[in-house]
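Predicted, not measured: the structure shown is a model, and the values here were computed from it.
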Amino acid sequence: MYTLLTGIIFLSAGLIAGYLWPQQSWRWGLWICGPLLLLLLLSVAFAGNVTTFLEQDMPLVLLGFAATCTGGFAGARLKKKRQQG
């Protein structure tokens, strides 16, 4: 349930950002999820727990990247279709 909600939130953020700024498109996934990944990597570097990071946190980060990039790409395409038609 938590994973689905996370995916929907990141997809929505990417969709909105991609629609408002279509020239950036899928790169919004990098800008939105980049700080999250940086904080997680710093947490692993200073606190340890690499196995917890790989088993629990990394799948959520990858889901966030995939959902945000997909949402940004879809939002940019939606904006371009609305401008053409």
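- When hydrophobic clusters are built by joining Ile, Leu, Val, Met, Phe, Trp and Tyr residues whose side-chain heavy atoms come closer than 4.5 Å, directly or via intermediates, Leu60 is not grouped with Met58.
- For the atom pair CZ of Arg82 and CZ of Arg77, the computed distance is 15.5 Å after rounding to the nearest 0.5 Å.
- Rounding to the nearest 0.5 Å places CG of Leu20 at 7.5 Å from CD1 of Ile16.
- Crowding of Phe65 atom CZ: a count of heavy atoms from other residues, nucleotides or ligands under 6.0 Å exceeding 12.
- Residues Gly7 and Ala67 approach most closely at O-CB, 3.6 Å, considering heavy atoms.
- By the criterion of side-chain heavy atoms lying less than 4.5 angstrom apart, applied directly or through intervening Ile, Leu, Val, Met, Phe, Trp or Tyr residues, Trp31 is grouped together with Val61 in one hydrophobic cluster.
- Note that CD of Gln56 is 9.5 Å distant from CG of Asn49, once rounded to the nearest 0.5 Å.
- In this structure, Ile32 CD1 and Leu37 CG are separated by 14.0 Å, a value rounded to the nearest 0.5 Å.
- Here the side chains of Phe10 and Cys33 are in contact, with some heavy-atom distance below 4.5 Å.
- Cluster annotation: Trp21 is connected to Leu30 through the hydrophobic network of ILVMFWY side chains, with a link wherever side-chain heavy atoms come within less than 4.5 Å.
- By the criterion of side-chain heavy atoms lying less than 4.5 angstrom apart, applied directly or through intervening Ile, Leu, Val, Met, Phe, Trp or Tyr residues, Val44 is grouped together with Leu36 in one hydrophobic cluster.
- When atom types are taken as modelled, the side chain of Ser43 and the backbone of Leu39 share no donor-acceptor pair closer than 3.5 angstrom.
- Here the closest heavy-atom approach between residue Lys79 and residue Tyr19 is recorded as CD-O, 3.3 Å.
- Hydrophobic cluster membership differs between Ile9 and Leu62, with clusters built from Ile, Leu, Val, Met, Phe, Trp and Tyr side chains linked at under 4.5 angstrom.
- Across Trp28 and Thr68, no two heavy atoms sit closer than the pair O-CG2, 3.7 Å.
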